[in-house]
2 protein chains.
Amino acid sequence: MLTEKDKRSFQDYLTQKGLKLSGPRMKILEVVLQGTKHLTANEIYGNVQKRYAGIGYATIYRTLRLLCEAGLCMELKCEDGVCRYEHAGDDAHHDHLICTKCGRYVEVVDPEIERLQERLFKVNGFFPQRHRLELYGICRKCKG
Amino acid sequence: MLTEKDKRSFQDYLTQKGLKLSGPRMKILEVVLQGTKHLTANEIYGNVQKRYAGIGYATIYRTLRLLCEAGLCMELKCEDGVCRYEHAGDDAHHDHLICTKCGRYVEVVDPEIERLQERLFKVNGFFPQRHRLELYGICRKCKG
DNA sequence: GCTAATTTGATAATGATTATCAACTTCAAA
DNA sequence: TTTGAAGTTGATAATCATTATCAAATTAGC
Ligand SMILES: [Mn+2]
Ligand SMILES: [Mn+2]
Ligand SMILES: [Zn+2]
Ligand SMILES: [Zn+2]
């Protein structure tokens, strides 16, 4: 799940910004791209520690920001006030169904909804930039 | 904009919970229901101070929570990490178009989008509870 | 290898919200 | 009315995720 292309992509972004691809950054890139999606910085910190002890919180946050800037990750500002991160491949935009019991995130896209959103922008005279759609409910497993 | 019905509604909620309708609560109810929508707790605190000095921050937060529980207000968890509040009349649910330049909130509803969201819940085996749709763009005024 | 620039980890700071608590209100019974 | 138990208030400390700071360590191009 961590391709050479991703590494190069990160490397390129850093170089272009006059930054360096350090050991810690490489390790975090690896753990984030190989791990589960929609994790908090704290959970990612834990996953990184498991494999590479000694990397600090600040470096996790700093590197997550770089990964987002480089387009390799997306940051989700969640309702509980904690950010979650997902590696954003070349795959398109998606929205989320979120279980309020177990916290599971399900990725969904509805092209019809996307189209109607564009219409809302236009009708109200807004230049569209982005949107956020979150559907909260109880998943099949949690309903029992 | 602050009807007798609202007052009674708040009073009823408090009574039913064994709570009291105090002076500060009454004043905050008045300022919130008569004022602009989509304000932060801090902005509401300022508006309350203008008319009734001496009411503390904590009381603002506590009363906003009560107003939400009573169904008179809605809390929006915004992307900047600050909550905003709007008085929720009997009017139905709505979503928001938000200008990323001036911060203006425009309320919108698209019944078609609402319907398609329900379908997404169903298709994915979720019991629907609520949703959040925010459309970020640049408003007509800000585009100049 | 050398060295200037960048990065790191520990930790202090920030900022919104919540918890704490002694003093003050409320309200209904006496 | 007076009274007092229950609830409320304002000031302020605590919380918690995220950022900023900074001396010591690492990186990358020469
Ligand atoms: Mn996702
Ligand atoms: Mn609104
Ligand atoms: Zn679930
Ligand atoms: Zn605007």
Side-chain angles (χ1 to χ4, degrees), chain A residues 7-8 10-32 38-49 51-70 73-85 103, chain B residues 7 10-32 38-46 48-49 51-70 73-85 103:
Chain A
K7 281 189 212 172
R8 222 174 315 114
F10 194 32
Q11 173 69 274
D12 289 351
Y13 174 77
L14 293 172
T15 304
Q16 169 230 323
K17 285 271 182 180
L19 305 177
K20 296 170 178 174
L21 179 42
S22 64
R25 284 182 183 162
M26 197 60 211
K27 290 167 184 164
I28 294 169
L29 171 68
E30 177 200 320
V31 171
V32 169
H38 313 121
L39 298 185
T40 65
N42 187 44
E43 291 165 338
I44 290 169
Y45 172 77
N47 288 347
V48 169
Q49 284 301 336
R51 211 175 316 185
Y52 307 107
I55 291 181
Y57 253 103
T59 304
I60 299 292
Y61 275 106
R62 285 186 289 233
T63 305
L64 284 172
R65 168 178 298 169
L66 289 173
L67 290 174
C68 290
E69 289 171 4
C73 273
M74 281 275 296
E75 182 185 68
L76 308 174
K77 305 253 189 178
C78 298
E79 281 207 329
D80 57 4
V82 188
C83 292
R84 286 176 174 72
Y85 298 86
Chain B
K7 282 190 209 171
F10 194 33
Q11 173 69 273
D12 288 352
Y13 174 77
L14 294 172
T15 304
Q16 168 231 324
K17 284 271 182 181
L19 305 177
K20 295 169 180 174
L21 178 44
S22 64
R25 284 182 183 161
M26 198 61 213
K27 290 168 185 164
I28 294 169
L29 171 68
E30 177 200 318
V31 170
V32 170
H38 313 123
L39 298 185
T40 65
N42 187 45
E43 291 165 337
I44 290 169
Y45 172 76
V48 169
Q49 284 302 333
R51 210 171 320 181
Y52 306 108
I55 292 181
Y57 254 105
T59 303
I60 299 290
Y61 276 106
R62 285 185 290 233
T63 305
L64 285 171
R65 167 178 299 168
L66 289 174
L67 291 175
C68 290
E69 289 170 5
C73 274
M74 282 276 295
E75 184 185 67
L76 310 174
K77 305 254 189 178
C78 298
E79 280 206 330
D80 57 4
V82 187
C83 291
R84 286 176 175 72
Y85 298 86

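Values in this document were obtained by computation on a predicted structure and should not be read as measured data. Throughout, a chain's letter reflects where its sequence line sits, starting with A, and its residues are numbered from 1. Values below: all heavy atoms of this structure, side chains included; hydrogens, waters and symmetry mates excluded.
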Within less than 4.0 Å of OP1 or OP2 of [N], is there a side-chain N or O belonging to [X]?
X	N	value
B:Ser22	D:dG7	no
A:Tyr61	D:dT19	no
A:Arg25	C:dT6	no
B:Thr59	D:dG10	yes

To the nearest Å, give me how far apart [atom1] ([X]) and [atom2] ([N]) are.
X	N	atom1	atom2	answer
A:Glu75	D:dT18	CD	C1'	10 Å
A:Lys77	C:dG15	NZ	C1'	13 Å
A:Lys27	D:dT27	NZ	P	9 Å
B:Leu66	C:dT17	CG	P	16 Å
A:Leu64	C:dT8	CG	C1'	15 Å
B:Tyr52	D:dT8	OH	C1'	18 Å
B:Arg65	D:dT8	CZ	C1'	15 Å
A:Met26	D:dT27	CE	P	13 Å

Most 5' of B:Cys83 and A:Leu21 on DNA chain C, judged by nearest nucleotide: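 Mapping each residue to its closest nucleotide by heavy atoms, the 5'-most match is A:Leu21.
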
Which residue lies more 5' along DNA chain C, comparing B:Tyr57 with A:Lys17 via nearest heavy atoms: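 By nearest-heavy-atom nucleotide position, the 5'-most residue is A:Lys17.
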
Closest listed nucleotide, where the reference is the side chain of [X] and the choices are [options]:
X	options	value
A:Lys20	C:dT18, D:dT27, D:dT18	D:dT27
A:Val82	D:dT18, C:dG9, C:dC27	D:dT18
B:Arg62	C:dT20, D:dT18, C:dT18	C:dT20

Min side-chain heavy-atom separation B:Leu29-B:Thr63 under 4.5 Å: no

Test: A:Glu30 and A:Arg51 ion pair at under 4.0 Å: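 Counted as a salt bridge, because a side-chain N and a carboxylate O are separated by less than 4.0 Å.
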
Expected output: side-chain A:Glu75 to main-chain A:Arg84 donor-acceptor under 3.5 Å: no

Along DNA chain D (nearest heavy atom to each residue), the more 5'-positioned of B:Ala58 and A:Leu19: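 The residue whose closest nucleotide sits nearer the 5' end is B:Ala58.
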
For B:Lys20 against B:Leu14, the heavy-atom pair lying closest together: O-CD1, 3.7 Å

Atom pair OH/OG1 of A:Tyr45 and A:Thr40 - distance to nearest 0.5 Å: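 Reported value, rounded in 0.5 Å steps: 12.5 Å.
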
